[in-house]
Amino acid sequence: MWSVNSVAICRHETRLIVLNLTVLAGIATVHVLFAPILGQPSRLFFVLLLSRFVMQTAELTWLQARAPKARPEMLLRYARASIWLNLLFAFVLSRVSGIEDSHYVVLMVIPVIAAAFRYGAVGLTLVGASAAFATFVEVRLYDGVVTAGRGLEYFEAASVILIYAVVAVVVWLLVRQVREEQAQLASNLAELQLAKDRLVREEKLAAIGRFASGIAHEIRNPVAVILSSAEMAASGRSGISREELDAIVLEESRRLSRLTTDFLEYARGRSPEMRSTELSSLLGYVADATRAVGSEAGVAVELAPIRELVVMVDPFQIHQALVNLTMNGISASSSGGRVTIGAEENETDLSIWVENDGDAIPPETIPKLFEPFFTTRERGTGLGLPIAKAIAEAHGGDLQLSRNEPGYVRFSIDIPRCIVPRENPCLES
């Protein structure tokens with residue numbers, strides 16, 4: 001037996017009822033059109049026809065309204081009962097028509113089709129045998145007498161029974177094929193679901209790996225700042241005083257502590273904590289914090305002159321992005337080179353940029369610059385630029401490669417202009 005859900009049963013039964021209603025309407029129309037030739041059937045005939053039409057219409061309404069929520073077992077019982085009821089109705093209607101050679105038993109084709117859906121081979125054979133028996137009985141009972149002249153009627157009945165058999169076999173084979181294909185499809189879907197679950201698990205593990213790599217990358221920058229500053233102070237070559245070294249170590253240690261917390265929030269898409277920030281102080285600290293790293297590589301880190309501005313940004317996130325860009329600039333510069341940090345403003349945007357005088361970025365590399373884990377450096381992680389871009393986007397802006405020429409490579413964080421205390425829509429948000 002083909003086990004299906006309630007919705008599928010309702011869909012099948014709806015189609016069968018619509019087919020049955022069409023046949024009933026066709027029978028009534030034929031009788032009206034051919035009444036002068038066939039004569040008027042009995043009143044009982046039309047009463048039965050109308051009653052069955054109303055009954056099927058009610059069943060159709062019930063199937064559309066409530067049946068989809070019913071249990072499949074109850075719907076299957078209903079469907080099987082309908083098969084036998086249709087057989088009985090077809091036989092009774094042929095008997096009360098009062099017309100010889102009335103082939104109303106053609107209505108039995110519909111229950112035969114339904115049986116191919118609802119029964120196995122044994123059940124279908126039983127329904128088909130019942131339809132065949134009813135067809136012969138209808139011929140036999142027309143006048144209650146078997147005569148030589150009625151041999152043709154039995155021949156026609158046998159032909160109708162052959163039609164039942166052909167329909168039953170064809171529909172049953174089609175149903176069986178559909179059932180096998182459905183089972184195969186269900187198996188394939190199950191395998192796909194298992195594969196999907198496996199890929200999700202692997203993606204989660206990969207995401208954890210990327211997340212851990214990102215944390216390691218971001219922690220490495222403050223550690224490098226502390227280590228380089230300490231080494232330069234110890235060697236006496238940098239001119240960094242003990243007090244300045246202590247301040248850098250304290251600030252970067254605090255930054256390390258916040259980095260771990262902020263990365264958890266960043267992974268959940270933390271919104272920037274906008275506050276009034278002195279832009280020159282923010283950029284100046286980035287230059288001071290990365291200058292020791294640049295000195296080790298023989299690269300000067302400079303701050304371009306900027307107008308005194310108090311802007312609305314998340315200072316920690318902007319610092320984080322600028323350190324990434326500055327470290328990248330130092331790595332891209334050769335000994336004796338220079339990395340410059342600066343800012344520009346116009347009527348709508350604030351552009352904070354970091355530029356270096358290294359070689360231009362190859363054209364084939366540019367489309368991949370902001371892809372996570374893409375790097376051209378041997379020990380790079382490929383997370384610096386993607387993280388900086390995400391921070392820029394969180395501020396409602398973008399990070400872009402604004403200049404790319406030999407000796408002049410600039411990355412710009414372009415964000416909506418939010419100047420304090422000047423009125424600006426960004427300030428309100």
Shortest non-hydrogen contact from [X] to [Y]?
| X | Y | answer |
| --- | --- | --- |
| Ser276 | Val310 | CB-CG1, 3.8 Å |
| Leu87 | Ser130 | CD1-CB, 4.2 Å |
| Cys10 | Leu75 | SG-CD1, 3.9 Å |
| Val301 | Gly294 | CG2-CA, 4.3 Å |
| Gly358 | Val409 | O-CG2, 4.2 Å |
| Pro111 | Ile83 | CB-O, 3.5 Å |

Compare all side-chain heavy atoms of [X] with those of [Y] and state whether any distance is below 4.5 angstrom.
| X | Y | answer |
| --- | --- | --- |
| Leu303 | Thr340 | no |
| Leu49 | Leu24 | yes |
| Gln184 | Asn188 | yes |
| Leu279 | Glu308 | no |
| Val23 | Ile110 | yes |
| Tyr164 | Val109 | yes |
| Met108 | Thr135 | yes |
| Val339 | Val299 | yes |

Between [Y] and [X], is there a salt bridge with N-O shorter than 4.0 Å?
| X | Y | answer |
| --- | --- | --- |
| Glu273 | Arg275 | yes |
| Glu302 | Arg338 | yes |
| Glu345 | Arg307 | yes |
| Arg198 | Glu191 | no |
| Arg52 | Glu59 | yes |
| Glu180 | Arg176 | yes |
| Glu13 | Arg118 | yes |

- Query: Counting only heavy atoms not in Phe133, do more than 12 sit closer than 6.0 Å to its CZ atom?
  - Reply: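 Incorrect, the count does not exceed 12.
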- Message: Other residues, nucleotides and ligands only: do more than 12 of their heavy atoms fall within 6.0 Å of CG on Asp349?
- Response: yes
- Any luck finding a side-chain donor-acceptor pair between Ser412 and Gln400 under 3.5 Å?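 No.
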- So Leu325 and Leu399, side-chain contact (heavy atoms from CB on, under 4.5 Å) or not? Walk me through it. CA-CA 10 Å; Leu325 295 177; Leu399 170 65; 4.1 Å; yes
- Message: Over 60° means perpendicular and under 30° means parallel, so tell me whether Tyr119 and Trp84 are parallel, tilted or perpendicular.
- Response: perpendicular
Report the distance from atom [atom1] of [X] to atom [atom2] of [Y], rounding to the nearest 0.5 Å.
| X | Y | atom1 | atom2 | value |
| --- | --- | --- | --- | --- |
| Asn356 | Ser333 | CG | OG | 4.0 Å |
| His395 | Asp314 | NE2 | CG | 5.0 Å |
| Asp357 | Arg410 | CG | CZ | 13.0 Å |
| Met327 | Leu322 | CE | CG | 12.0 Å |
| Met55 | Leu60 | CE | CG | 14.0 Å |
| Phe370 | Lys389 | CZ | NZ | 5.0 Å |

Could you tell me whether a side-chain N or O of [X] sits under 3.5 Å from a main-chain N or O of [Y], the two making a donor and an acceptor?
| X | Y | result |
| --- | --- | --- |
| Ser281 | Thr277 | no |
| His12 | Phe117 | no |
| Asn404 | Ile361 | yes |
| Ser82 | Tyr78 | yes |
| Ser187 | Ala183 | no |
| Ser295 | Arg291 | no |

- List the steps and the verdict of side-chain contact (heavy atoms from CB on, under 4.5 Å) for Ile387 and Gln320. CA-CA 9 Å; Ile387 289 175; Gln320 183 180 354; 3.8 Å; yes
- Query: Between Glu344 and Ser351, does a side-chain hydrogen bond (donor to acceptor under 3.5 Å, both in side chains) hold up when you go through it step by step?
  - Reply: CA-CA 5 Å; Glu344 299 172 352; Ser351 179; 5.1 Å; no
- side-chain contact (heavy atoms from CB on, under 4.5 Å) between Phe411 and Ile352: does it pass, once the steps are laid out? CA-CA 8 Å; Phe411 284 90; Ile352 306 173; over 6 Å; no
- Task: Might you work through the side-chain contact (heavy atoms from CB on, under 4.5 Å) test for Ser51 and Val47, ending with a clear yes or no?
- Result: CA-CA 6 Å; Ser51 299; Val47 170; 4.0 Å; yes
